[in-house]
Amino acid sequence: MNTPSFFKSVIVLAVLLFPETGRTFTIESAEPTHYFYTPTAYLNTEFDMVGSLHEAAYTLPYKLQAHTSIVDNVGRLCFGMRYGILNNLSAGAGLAWSFSSFPYEGHGILHSDPHPRFGTFLCWGPVLEDQFEMSVTPHMQIGYHFSMGGDVGMMITPSNYWSIIGEFGFLFDFNDARPYINTVWGARVHPPQIPFLSFDGGLDFVEKPPEEFAQSEYAFKPFIDAIFTMKTMR
């Protein structure tokens, strides 16, 4: 067999069967729909995908978004659905738990607790500007324990290359009569040359163990994430 001729035949066949392979393929990026642990108030457009350790999400028709968190959780939910009420207002509900965590315990709702709960939140964005945005997320968890609280997330974008992200969260467990507070600060790098990729890094100030500082045992927990976004239909 003439090897060069064989490869030429394969290339011609591929172009005939898959004409798109003869063109330059580009990924059209979408937007991350979370900061660190806090969801954004807005959803992406239909059929946009977000893939990361903290949030894997897909926007469906009728302003619905399905999302799950492999590590820790976003919106205190490790699996659930969100509905976009307005451009700056959304509501979510699902399983309040953490599938896994790094390096110890989950965020807010512990994966070491054998009793997952039903959770819900309302996310409002009072400010949504190009260089500054904020979301306020009151939330509630019902089940083996009953708890309520709220999270505030904000992102400052002084450059096309990076943003500063800060969050503050509060949860009160009515069964234990115990408050939990956490705060995390860091940066998101988003190079314009690869708009479909972002990289997060920060420090989460928590109690160890369990998660969050309710008493006097404090620790810094690293926060890392890599985010891939794309529009699956154009």
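None of these values were measured; they are calculated from a predicted model.
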Does the side chain of [X] reach to within under 4.5 Å of the side chain of [Y], using non-hydrogen atoms?
| X | Y | value |
| --- | --- | --- |
| D151 | F168 | no |
| T229 | P32 | yes |
| S52 | F228 | no |
| D200 | F36 | yes |
| V74 | Y37 | no |
| C123 | L89 | no |
| P39 | T137 | yes |
| Q141 | R76 | yes |

Is it the case that the ring center of [Y] lies less than 6.0 angstrom away from the ring center of [X]?
| X | Y | result |
| --- | --- | --- |
| H54 | F223 | yes |
| F172 | F174 | yes |
| Y180 | F170 | no |

Criterion side-chain contact (heavy atoms from CB on, under 4.5 Å) on V50 and N44, from CA distance to verdict: CA-CA 9 Å; V50 178; N44 282 333; 3.7 Å; yes

Hydrophobic clusters here meaning ILVMFWY residues chained together by side-chain heavy-atom distances under 4.5 Å, can you tell me if [X] and [Y] are in one?
| X | Y | answer |
| --- | --- | --- |
| M230 | I194 | yes |
| F205 | L203 | yes |
| L122 | M81 | yes |
| Y35 | V184 | yes |
| M49 | L197 | yes |

Interatomic distance, [X] atom [atom1] to [Y] atom [atom2] [nearest 0.5 angstrom]:
| X | Y | atom1 | atom2 | value |
| --- | --- | --- | --- | --- |
| I85 | W124 | CD1 | CH2 | 13.5 Å |
| H67 | T59 | NE2 | OG1 | 11.5 Å |
| M233 | F47 | CE | CZ | 5.5 Å |
| I224 | D204 | CD1 | CG | 12.5 Å |
| I156 | M134 | CD1 | CE | 8.5 Å |
| F99 | D72 | CZ | CG | 12.5 Å |

Within residues 78-92 or reaching into it, pairs that qualify as side chain to side chain donor-acceptor pair (under 3.5 Å) - sequence neighbours excluded: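 Every side chain to side chain donor-acceptor pair (under 3.5 Å) pair that includes a residue of residues 78-92, provided the two are not neighbours, is Q65-R82, R82-S90.
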
side-chain hydrogen bond (donor to acceptor under 3.5 Å, both in side chains) assessment of S147 paired with R117: CA-CA 10 Å; S147 55; R117 291 174 277 169; 3.0 Å; yes

Got more than 12 heavy atoms from elsewhere within 6.0 Å of [atom1], [X]?
| X | atom1 | value |
| --- | --- | --- |
| F196 | CZ | yes |
| E31 | CD | no |
| Y144 | OH | no |

N-O pairing of R188 and D225 below 4.0 Å: no

Carboxylate-amine/guanidinium proximity below 4.0 Å for K231 and D48: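 D48 and K231: salt-bridged.
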
Pair S163, H190: side-chain N/O donor-acceptor within cut-off below 3.5 Å: yes

Side-chain donor-acceptor contact under 3.5 Å, E55 with S69: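 Per modelled atom types, E55 and S69 side chains form no pair under 3.5 Å.
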
Stepwise side-chain contact (heavy atoms from CB on, under 4.5 Å) check, I165 with W185: CA-CA 6 Å; I165 295 178; W185 292 86; over 6 Å; no

Heavy atoms only: give me the nearest [X]-[Y] pair and the separation to one decimal.
| X | Y | answer |
| --- | --- | --- |
| G153 | T38 | N-CG2, 4.0 Å |
| T157 | W162 | CG2-O, 3.8 Å |
| L77 | A93 | CD1-C, 3.6 Å |

Can a donor-acceptor pair be found, under 3.5 Å and without considering hydrogens, that links the side chain of [X] to the backbone of [Y]?
| X | Y | value |
| --- | --- | --- |
| H139 | T120 | no |
| S98 | S100 | no |
| D176 | R178 | no |

Intermediate values then yes/no, side-chain contact (heavy atoms from CB on, under 4.5 Å), Y58 and E46: CA-CA 8 Å; Y58 193 74; E46 292 181 5; over 6 Å; no

side-chain hydrogen bond (donor to acceptor under 3.5 Å, both in side chains) assessment of S135 paired with Y42: CA-CA 9 Å; S135 69; Y42 50 83; over 6 Å; no

Qualifying salt bridge (Lys or Arg N to Asp or Glu O under 4.0 Å) pairs, either residue in residues 126-148, two or more places apart: none

Stepwise side-chain contact (heavy atoms from CB on, under 4.5 Å) test for F132 and M155: CA-CA 6 Å; F132 178 70; M155 184 168 69; over 6 Å; no

